[in-house]
Amino acid sequence: MLDIRYLRENTADAKRRLLAKGCDASAEIDRILELYDLRRAAATSTDSKRSEQNKVSKEMPQLKKQGTDVSGLLEKMKALSDEIKADEARIRELESEYYSLMLGLYNLPDEDLKPGGKENNEPIRTFGYQKVLEFEPKHHVDLCTKLGLIDYERGTKLAGNGFWVYRGLGARLEWALLNYFIDTHIANGYEFTLLPLMLEYECGVTAGQFPKFADEVFQIANPTDERVHYMLPTAEAALVNLHRGELLSERELPRKYISYSPCFRREAGSYRASERGMVRGHQFNKVEMFQFTTPESSDAAFDELVTHAENLVQGLGLHFRTVKLAAGDCSAAMARTYDIEVRLPSLDGFIEVSSVSNSRDYPARRGAIRFRRDPDNKIDLVHTLNGSGLATSRIFPAIVEQYQQADGSVVVPEVLRRYLGGLEVIS
RNA sequence: GGAGAAAUACCCAAGUGGUCGAAGGGGCUCCCCUGCUAAGGGAGUAGGCGUCUAAACAGCGCGCGAGGGUUCAAAUCCCUCUUUCUCCGCCA
């Protein structure tokens, strides 16, 4: 959620920045400001009525004790009470419209981002190089199938299109990647967490997913009760909610978490041919990094997250690049995002394996995640940042394709060998 | 899944319709006393949000798990929900 004060005092700025992200929210913002004033006026007048009510209520027992006839007063107070109730209903209405508009507003993109969409994304660093192969490189689907790493057919049999089964060395390679990521993060000082994979609605609101993007997640409803859960689309959605409604002390910041989780996404709409295989599925594994920081340190935390993600890919010896996203390609809740894209030869291009974002105080305002400042006890919203570190479902194909050899075997990246009993080549 | 009990401030806890922003105790902070320690005496200890304000203070409003309702008036009565505990059943 955006800061109402900022919206009031910098209305034109806010509209312009959202426009850079591709949203024309001019009408919504005007209505929000109007609703805010209406609610304030209504609340002020209701408060003074309540003040009167409280005053009389305090006097009432004494009047009764003195035997004063209070019937006229009671009648007056009844009328006041009715007025207050009508006011309250009106305020509820105003608030509900206000909040639903506020929740629909995207986060402001940082000022240094290029406006516009994907086409304005800007690669800022490239790591490694494109290996020159003396043979025609194969597609990871073919390699994985031939080597028995991934069973696409049976995955589809079990759960339909967009699911696959890791088998044998494939499962072990996947597990090795996850362990490599987790061990590295732990060494970097992150707290390892394992989270519920089904969340309640409120989590999606704080994460910025709901109400606008509810279609993108799987919903679990039960035949015998009303409870509804949502399958975790990313561990970020759970992690950001860890401290929802909490008042942290500045000493506790930053809080750095990682979590491993499968991620479930509906990915409604169909695949492109280029996304054959594990590039886009309904379920994939990811280790997520997450930080709660003070506003002052979130930029440094962002750089740290990018570096941690880059180091993981670099450790695997892959050819990849870091891309600074244009305003319009950052997702709704994010102020800035850098993607890490690994080269996938079969695509003849790069594909996202990590997305590192600073959401500033946008989720914190939605979920009331606050901290008390040390010297002056002032309360402020935390900044939240997240980054994949990493999503395996795209690293796996990249490893298979970048490390493939002429005979269809795949060299195991050195950092993973200790997790695979020293195995050097999958053949 | 069934039956019951509970939720009050940092902790324990009193409070069944009105002067309750809420007794009491513990803890914590400060002060006094004692050479040190133990013990004792005194004072303080509801945060938060909203509103008002240029801002702050003060004021006003909200707050006793959450949300509704009854009432002139709700911690207190009613309804729904959540969580915790106990018992039964089922189960990795």
Exercise for the section: Ignoring backbone atoms, test whether A:R40 places a side-chain nitrogen or oxygen under 4.0 Å from the OP1 or OP2 oxygen of B:C52. Expected result: yes
Handout entry: Watson-Crick or G-U counterpart of B:A14, or none if no pair lies under 3.5 Å
Key = none
Exercise for the section: Name the pairing partner of B:G48, where a pair is Watson-Crick or G-U wobble with both distances under 3.5 Å, or state none. Expected result: B:C62
Exercise for the section: Check every atom of B:U51, B:G69, B:A73 against the side chain of A:R92 and return the nucleotide holding the closest atom. Expected result: B:G69
Problem - Atom-pair distance (CG on A:L35; P on B:G50), nearest Å - result: 18 Å
Exercise for the section: Taking atom P in both B:G48 and B:A56, compute the distance separating them and give it to the nearest angstrom. Expected result: 14 Å
Problem - Pair A:R50 + A:E88, salt bridge at N-O below 4.0 Å - result: yes
Handout entry: Pair assignment for B:A6, Watson-Crick or G-U wobble, requiring both distances under 3.5 Å
Key = B:U83
Handout entry: B:C79 to B:C85 separation - P atoms, rounded to the nearest Å
Key = 25 Å
Fill in the blank from the handout: When rounded to whole Å, the CG to C1' distance for the pair A:D69 and B:C72 reads 14 Å
Fill in the blank from the handout: To the nearest angstrom, the CG-C1' distance between A:L247 and B:A9 comes to 15 Å
Handout entry: Ring center gap for A:Y257 and A:H243 short of 6.0 angstrom
Key = yes
Exercise for the section: Could you tell me whether A:F163 and A:Y152 have their ring centroids closer than 6.0 angstrom? Expected result: no
Handout entry: A:Y36 side-chain proximity, nearest of B:G48, B:U51, B:C72
Key = B:U51
Exercise for the section: Select base, sugar-phosphate, or nothing to describe what A:Q53 touches, counting heavy atoms under 4.0 Å on all strands. Expected result: sugar-phosphate
Practice task
Examine A:Y190 together with A:H308 and report whether their ring centres are nearer than 6.0 Å.
Solution key: yes
Exercise for the section: Confirm from the modelled atom types if A:K64 and B:G18 form a donor-acceptor pair under 3.5 Å, side chain to base only. Expected result: yes
Exercise for the section: Apply ring-ring contact (aromatic ring centres under 6.0 Å, His included) to A:Y338 and A:F302, showing your working. Expected result: CA-CA 9 Å; A:Y338 287 9; A:F302 179 81; 4.8 Å; yes
Exercise for the section: Tell me, yes or no, whether the heavy-atom count around A:K49 atom NZ, taken from other residues, nucleotides or ligands under 6.0 Å, exceeds 12. Expected result: yes
Fill in the blank from the handout: To the nearest angstrom, the CG-P distance between A:L73 and B:G18 comes to 18 Å
Problem - Identity of whatever pairs with B:G1 - Watson-Crick or G-U, under 3.5 angstrom - result: B:C88
Practice task
Would you mind classifying the nucleic acid contact of A:L80 as base, sugar-phosphate or nothing, using non-hydrogen atoms under 4.0 angstrom?
Solution key: nothing
Handout entry: Minimum side-chain heavy-atom gap A:L73-A:V56 below 4.5 Å
Key = yes
Handout entry: Any A:Y201 side-chain nitrogen or oxygen under 4.0 Å from OP1 or OP2 of B:U82
Key = no
Handout entry: Residue mapping more 5' on RNA chain B - nearest nucleotide basis, A:S51 or A:K85
Key = A:S51
Handout entry: B:G63: syn or anti, per glycosidic angle within 90° of 0
Key = syn
Exercise for the section: Compare side-chain N and O positions of A:K78 against OP1 and OP2 of B:C72 and report whether any pair is under 4.0 Å apart. Expected result: yes
Exercise for the section: Kindly say whether, by distance alone, the side chain of A:N54 makes a donor-acceptor pair under 3.5 Å with the base of B:G61? Expected result: no
Handout entry: Nucleotide nearest A:S81 (side chain, heavy atoms from C-beta), chosen from B:U51, B:A73, B:U19
Key = B:A73
Completion exercise
When rounded to whole Å, the NZ to P distance for the pair A:K49 and B:C72 reads 17 Å
Handout entry: Nearest-Å distance once atom C1' is located in both B:G4 and B:G89
Key = 15 Å
Completion exercise
Among the nucleotides B:G18, B:C72, B:U51, whichever has the atom closest to the side chain of A:P61 is B:G18
Exercise for the section: Determine the Euclidean distance between corresponding P atoms of B:U76 and B:G69; express it in Å to zero decimal places. Expected result: 14 Å
Problem - Length of the line joining A:I84:CD1 and B:C60:C1', which is rounded to integer Å - result: 13 Å
Exercise for the section: Taking only the side-chain nitrogens and oxygens of A:R372, find out if one of them lies under 4.0 Å from OP1 or OP2 of B:G48. Expected result: yes
Exercise for the section: Sticking with atom C1', work out how far B:A23 lies from B:C12, rounded to a whole angstrom. Expected result: 14 Å
Exercise for the section: Take atom C1' in B:C20 and the same atom in B:C64, then report the distance between them in whole Å. Expected result: 10 Å
Problem - Spacing of the P atoms in B:U80 and B:G17 (rounded, Å) - result: 23 Å
Handout entry: Distance between P atoms of B:G65 and B:G42 (Å, rounded)
Key = 33 Å
Problem - Separation of atom CD in A:E83 from atom P in B:A73, rounded to whole Å - result: 13 Å
Completion exercise
Residue pair A:D47/A:Q62 against RNA chain B: nearer the 5' end by closest nucleotide is A:Q62
Exercise for the section: Could you pull out the closest heavy-atom pair between A:T384 and A:P363, with the gap in Å? Expected result: OG1-CG, 3.5 Å
Exercise for the section: Using atom CZ of A:R50 as one end and atom P of B:G50 as the other, report the distance to the nearest whole Å. Expected result: 16 Å
